[in-house]
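By convention in this document, chain letters (A, B, ...) are assigned in the order of the sequence lines, proteins followed by strands, and residues within each chain are numbered from 1. Scope of the values below: all heavy atoms of this structure, side chains included, with no hydrogens, waters or symmetry mates.
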Amino acid sequence: MNLDDLNNAQRKAVTTDNSHSLVLAGAGSGKTKVLSSRIAWLINTGQASFNEVLAVTFTNKAAREMVSRISMMLDRDMKGFWIGTFHGLCHKMLRLNWREANLIQNFQIIDMSDQLSLIKRLMKSANVNESKYSARDLQKIINSYKEKGLRSNEIDVYDSYNKYIAEFYHLYEHQCIRDGLLDFAELLLKSYDLLKNNQTIRNYYQERFKYILVDEFQDTNSLQYGWLRLLIGNSTSVFAVGDDDQSIYAFRGANIDNMSLFDKEYAKGNIVRLEQNYRSMGHILGAANSLIRYNNGRLGKKLWTQEGDGEKVLIVEKHNDLLESQWIVDEIKNIVKNGIKQDDIAVLYRSNAQSRVLEHALFLSGISYKVYGGLRFFERQEIKNVLAYLRLIVNRNDDSAWLRSVNFPIRGIGTRTIESLFEITKNKNISLYDAVAYHSGRSKNNLLMFNNIISTLEESSRKLTLVQLIEHVLEFTGINAFYKNEEETDRLDNLKELVTAATIFSGENNFSEIPASLLIDDLKENLDVSLNNNIYLEQEKITPLLSFLSHASLEAGDNQSESEQSSVQLMTVHAAKGLEFKVVFITGVEEGLFPHENSMSDNSSIEEERRLMYVAITRARKKLYITMANSRMLRGQVRYSVKSRFISEVGEGNVIFVKNKEQILPNNYLKSNSRFTSNSHQQSNKLSSGNTNFVDINGKKFVIGQNVKHKKFGDGTIIKLIGHGEESQAQISFNNCGIKTIMLGIARFE
DNA sequence: AAGCTTTGACTTTTT
DNA sequence: GTCAAAGCTT
């Protein structure tokens, strides 16, 4: 490995001998390079061996990227190297110490949709229909408690609602334990509890991991920080890398304060700033720097480049969303004509709903595009159906899996039957599988047949490899036959893809010849290691099947197969984090959309929106466009809005404004009679003559930008108008009391 | 138990 | 406007 291709700041970070350090790594400043080089350097100089290093990331992709970089720098066996996501590493720790963690050996991981259906099921059985909370609410509440490290018995019960939540949370905990299921947050919490409560294990890991490296530190939540704390012993050195300006995940528990907390508790001023940017041209960086200065309480950082100013950022204002999309499409055509590949172009938006208009315009123009987001491979219905059978093979008491499989394919087992089984499970505190024995009724035979399928499959699994088992399940359960009969070729293809995925997985993990459900005790003979044994022997002592199921939950896969042709990339700003493109369009940059209206009430949310805009801007390498529309269709209503405050924050010197010059177009402009997706889609033609940004109500006119004086709220400016006629509303930014949405028909103005 | 109609939510999301 | 899920009908 070679330290010469690092700049001074990078080299300083890589070779620091401070016990703890915090690296503030700006966008495009070579963060992954520094992390990988640091690990390679520690190994190369003999300061550490791989089994003494723990590296933690947020995504599997980031972990893979780091492994591949390190292997390019060093030709060494990485055995014993713990690298992965927080969840992946916690999972590993729990598999190795399942007894001490009070788990069953076959515990399974459930994803968010499994968790949601479990919660719905429990709500029904607990008769809480008229509760104030929806299943989604409860899911959010439970997860956020877990992310704060709180169990159901640790919640402060100060009123009846909290009491209800604590009770329901307890019910959910109980069911998860009985089914042997761990949700994502629970992986972290269980691992945290294990380290906290078991001194032997805590000491072992503290002594073992001399070097801990953390990526994307600004995205850690309180529990993750707590978990890291428990791993830090007297001789541990922590290297935390992050960028407070790119913290955009507060809504899922990320705590930006963890960075300054880490500085206070550990790094103690050992901060390295990576500010030289290798990605974007000067004006783009200028815009980013200018914008982010409007945030308070930053750790502070200013990006610079050696590459020159480049082109100015183009800011484009259009009358409406259709014209905005059309303009982008025309511009893309020009760019492509000038030799830029479509792969190098990204169109970003704040929320997924915005992709529709863009897709439409792209489709009509024949430009190929790819939309990121949506269902991932292992989240697909047909895949989950197969996984449910596999879960039952591992643990027949997994009620969630049993319910999913029992009537798929159809076996004549309906809701009535299931309800009566639920009664039995409640009374006897047993699983649905076991409850069948006590059931009497017309469906009894069907139920017995189903349970028989499960036990027969379990038998077979002892003799088959993982791939053979999956192929067997597809045939034996009738899943293949069902989809063939329905002529669902896409789903059949995905099932084939599942077999391929299992083949690849088996190969990568070197157990293609081991039967999928070999008794775990037999496997342990060969692979077991106790804490005192030689760590190089350490392997996950789980069967291929269990391992594959964990893999499926922890890594949901891609959402789309690779397309052969070069295509324009469409995604949310969140999804674009960590990526870069030659040309970037940031679209819909309007008050209410970006910043989003739900984030406009308090300053910390606005600051997060601003960081999101900062992330969006710093994705661009050569050319950046920021576009906005005066009106757009949203939730079936025309909404008028003004340009986002962020547009005025990017600094006049870095930008060129292109004002709307066109006349409002006649009705038939963009009129579409072609179909744009397989399910035919009628584009509504809303470009009527009323399409301006004013509203007329009871003879009074209201225009965006107009100053008004409200009887109660005082002076303010209209920033957005929604809807027509009696129903129309205005969003008004009041000088003294923030932004309020007001019904114009009712409001009293002076 | 399948097929139809109505209702309600709707920012961002990885594990 | 769109989608999924719940509710109702056959």
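Mapping A:H87 and A:I248 onto DNA chain B by nearest heavy atom places A:I248 closer to the 5' end of the strand. Of the two residues contacting DNA chain B, namely A:L612 and A:G412, the nearest-nucleotide position lying further toward the 5' end is that of A:G412.
OP1 or OP2 of B:dT15 lies within a sub-4.0 Å distance of a side-chain N or O belonging to A:R376. Of the side-chain N and O atoms in A:T572, one or more sit less than 4.0 angstrom from OP1 or OP2 of B:dT13. Contact between the side-chain N/O atoms of A:R442 and the OP1/OP2 oxygens of B:dA1 is not found at any separation under 4.0 Å.
Going from atom CE of A:M613 over to atom P of B:dT12 covers 17 Å, rounded to whole Å. The nearest whole Å value for the distance from the CG atom in A:L322 to the P atom in C:dG1 is 13 Å. Across the protein-nucleic acid pair, A:E419 atom CD and B:dA1 atom P stand 12 Å apart, rounded to whole Å. Summarising the geometry, the separation between CZ on A:F251 and P on B:dT13 is reported as 7 Å, rounded to the nearest angstrom. Between the CE atom of A:M571 and the P atom of B:dT14 there is a distance of 12 Å, given to the nearest Å. To the nearest angstrom, C1' of B:dT15 lies 16 Å from CD of A:Q108. Atom C1' of nucleotide B:dT15 and atom CD of A:E216 are separated by 14 Å, given to the nearest angstrom. The NZ atom of A:K92 sits 17 Å away from the P atom of B:dT15 (whole-angstrom rounding).
Residue contacts for A:T415: at a heavy-atom cut-off of 4.0 Å it reaches the sugar-phosphate backbone alone, with no base atom in range. Counting non-hydrogen atoms under 4.0 angstrom, A:L116 reaches nothing in the nucleic acid. Note on A:D111: nothing from the nucleic acid sits closer than 4.0 angstrom, heavy atoms only.
Shown here, B:dA1 forms a base pair with C:dT10; the pair counts as Watson-Crick or G-U wobble because both key distances fall under 3.5 Å. Base-pair partner of B:dT13: not found among the strands shown (Watson-Crick or G-U wobble, both distances under 3.5 Å).
Enclosure of atom CZ in A:R136 is not indicated, since only 12 or fewer non-hydrogen atoms of other residues, nucleotides or ligands lie within 6.0 angstrom. By the 6.0 Å contact criterion, NZ on A:K444 is enclosed, its count of non-hydrogen atoms from other residues, nucleotides or ligands being greater than 12.
The side chain of A:Y249 has B:dT13 as its nearest neighbour among B:dT15, C:dT2, B:dT13. Checking C:dG1, B:dT14, C:dA6 against every side-chain atom of A:K120, the shortest atom distance belongs to C:dA6.
Under the 4.5 Å side-chain criterion, counting only non-hydrogen atoms from C-beta, A:Q108 is not in contact with A:D114. At a threshold of 4.5 Å between non-hydrogen side-chain atoms, the residues A:Y369 and A:V347 do not count as touching. Side chains of A:M613 and A:I626 form a contact here, defined as non-hydrogen atoms less than 4.5 Å apart.
No donor-acceptor contact under 3.5 angstrom links the side chains of A:Y614 and A:Q246, judged on distance only.
Between A:D321 and A:A629, the shortest heavy-atom distance links the atoms N-CB, 3.6 Å.
A:R404 places no side-chain N or O within donor-acceptor distance of the main-chain N or O of A:S400, the cut-off being under 3.5 Å.
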A correct 5'-to-3' footprint of nucleotides 2-11 of chain B, with B, S and - meaning base, sugar-phosphate only and no protein heavy atom under 4.0 Å, is S-------BB
